[in-house]
Amino acid sequence: MPELPEVEAVVRTLRPLAQGRRIRCVHVFHPIATKPQSASRVALQAQGRRIRIVARKGKYVLLVLDRGLLTMHFRLAGQLLWFSNRRELLKLANQAENGVHVDVAFELDKGVLGFADRRHFGRVHVWESADDSPGLRVLGIDPLSRDFTSSRFTQLLAGSKRSLKDFLLDQTRVAGIGNIYSCESLCHARLDPRRHANTLKPQEARRLHKAIVSVLARALECCLHPAPDFRDPDWWFQGLENILRAYGREGKPCRRCGQPIRRVAQGGRSTYWCGRCQQ
DNA sequence: AGGTTGTCCTGGCAGC
DNA sequence: TGCTGCCAGGACAACC
């Protein structure tokens, strides 16, 4: 599932391909991908616009247009695709044989950008301004930004009584962390995911802040080498499993102490942690 | 206002 | 082996 590091790697790869280009034509093959906005609204508002900036906010990809903006969110399984031209797009998109699933495609003045999510959780939306997007408006601090300081983070922790795991998943506090990197950060910081945010000592809060920064930086490095290849519809980030210490490792030995990694459900999703190292 | 719950989808897999 | 049924997972609306 794409979280901040994966989305950041996608944005850095997309930027040289799309920034400065004009959107000639929009194809909405699966209107579910623009819900609740209508396909025609998305097409009409994007068509003819120039992409001024390719950026990321939390887990959103932003295409800032010369008028308004376009957001893409991958949720669990969304991805970007790249086609040489319209002919290649129409030959491959959603064909029964050798078909590539494509939900929305943007014909640029050079190349075609595709958005695909066969599970149809991912979304493509258009907005007059960033303030019009409910998802963007409420986003908290970006952990890769300068604003993400230890003291600011400590303040946020003190203001919440939720569990650390739920706190980290809350995009309105810190934006971009999902299930994987919340588990990894807590593992790195040696903190029990079930502890409540406002119970951390200052030194523990600093540890968690440092852990988040370092876990995300390491994952981003991994996501950039090799960088995403939008031309290969089967491409996915390689080697991430190797850097994970807790996520998805239930029953396997903790890399620090050897104790089996445990799993519990928190807020309806799985949390992985080491019962010995993380207190 | 902060916190919690239900909903949206479908691939993949457990269980028969 | 083949089929059915169940559920994870991120954002967000709707509730408490």
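Note: hydrogens, waters and symmetry copies are ignored here, and every other heavy atom, side chains too, is used. Residue numbers begin at 1 in each chain, while the letters A, B, ... track the order of the sequences.
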For residues 141-148 of chain A, dump all side-chain donor-acceptor pairs below 3.5 Å to protein atoms at least two apart in sequence or in another chain.
unit_1, atom_1, unit_2, atom_2, d
A:Asp142, OD1, A:Arg56, NH2, 3.2
A:Asp142, OD1, A:Leu144, N, 2.9
A:Asp142, OD2, A:Arg56, NH1, 2.7
A:Asp142, OD2, A:Arg56, NH2, 3.1
A:Ser145, OG, A:Asp142, O, 2.7
A:Ser145, OG, A:Asp147, N, 3.3

Worksheet item: For the pair made of CZ in A:Arg119 and P in B:dC13, what is the distance, rounded to whole Å?
Response: 10 Å
Discussion item. What's A:Arg173 touching, base or sugar-phosphate or nothing? Going by heavy atoms closer than 4.0 Å.
Written reply: sugar-phosphate
Discussion item. Each nucleotide in nucleotides 10-16 of chain C should get exactly one letter: B, S or -. Can you fill that in based on protein heavy atoms under 4.0 Å?
Written reply: BSS----
Worksheet item: Between atom CG in A:Asp234 and atom C1' in B:dG11, what is the gap in whole Å?
Response: 15 Å
Worksheet item: Hydrophobic clusters join Ile, Leu, Val, Met, Phe, Trp and Tyr when side-chain heavy atoms are under 4.5 Å apart, directly or via other members; which others share one with A:Trp273?
Response: A:Val264
Worksheet item: Which whole-number value in Å describes the distance from A:His196 NE2 to B:dG3 C1'?
Response: 12 Å
Worksheet item: What pairs of residues pass the salt bridge (charged side-chain N to carboxylate O under 4.0 Å, His left out) test when at least one of them lies in residues 131-140 of chain A, not counting sequence neighbours?
Response: none
Got a list of side-chain donor-acceptor pairs under 3.5 Å for residues 36-46 of chain A, not counting sequence neighbours?
unit_1, atom_1, unit_2, atom_2, d
A:Gln37, OE1, A:Val126, N, 2.8
A:Gln37, NE2, A:Val126, O, 2.8
A:Ser38, OG, A:Ser40, OG, 3.3
A:Ser38, OG, A:Arg41, N, 3.1
A:Arg41, NH2, A:Val126, O, 3.4
A:Gln45, NE2, A:Trp127, O, 3.1

Worksheet item: Could you give all pairs that pass the salt bridge (charged side-chain N to carboxylate O under 4.0 Å, His left out) test and reach residues 250-279 of chain A, with sequence neighbours left out?
Response: A:Glu250-A:Arg263
Response to the item:
When rounded to whole Å, the CZ to P distance for the pair A:Arg263 and C:dG9 reads 8 Å
Practice prompt. Take atom CZ of A:Phe167 and atom P of B:dG2, then tell me their distance rounded to the nearest Å.
Written response: 12 Å
Practice prompt. In whole angstrom, give the distance that lies between atom OH of A:Tyr247 and atom P of C:dA8.
Written response: 11 Å
Item to complete: Could you name each residue pair satisfying salt bridge (charged side-chain N to carboxylate O under 4.0 Å, His left out) that touches residues 206-216 of chain A, not counting sequence neighbours?
Response: none
Worksheet item: What is the distance, rounded to the nearest whole Å, between atom NE2 of A:His30 and atom C1' of B:dC8?
Response: 17 Å
Practice prompt. Quick one: list whatever passes ring-ring contact (aromatic ring centres under 6.0 Å, His included) with A:Tyr60, sequence neighbours left out.
Written response: A:His73
Practice prompt. Can you run down the salt bridge (charged side-chain N to carboxylate O under 4.0 Å, His left out) pairs that involve residues 101-117 of chain A, sequence neighbours left out, and say none if there aren't any?
Written response: A:Arg21-A:Asp109, A:Arg86-A:Glu107
Item to complete: Give a yes or no on whether a salt bridge exists between A:Glu204 and A:Arg190, defined as a side-chain N under 4.0 angstrom from a carboxylate O.
Response: no
Item to complete: Just report the end-to-end axis angle for the helix from B:dG2-C:dC16 to B:dC16-C:dG2, five pairs per end, to 10 degrees.
Response: 50°
Worksheet item: Is a donor on one side and an acceptor on the other found under 3.5 Å between the side chain of A:Ser160 and the backbone of A:Leu157?
Response: no
Considering only distance and modelled atom types, tabulate donor-acceptor pairs under 3.5 Å from the side chains of residues 9-18 of chain A, sequence neighbours left out.
unit_1, atom_1, unit_2, atom_2, d
A:Arg12, NE, A:Glu8, OE2, 2.8
A:Arg12, NH2, A:Glu8, OE2, 3.3
A:Thr13, OG1, A:Ala9, O, 2.7
A:Arg15, NE, A:Val54, O, 3.0
A:Arg15, NH2, A:Val54, O, 2.9

Worksheet item: So which of residues 152-162 of chain A are in contact with DNA chain C, with a heavy-atom cut-off of under 4.0 Å?
Response: none
Practice prompt. Calculate the interatomic distance between A:Arg123 atom CZ and B:dC8 atom P; express it in whole Å.
Written response: 11 Å
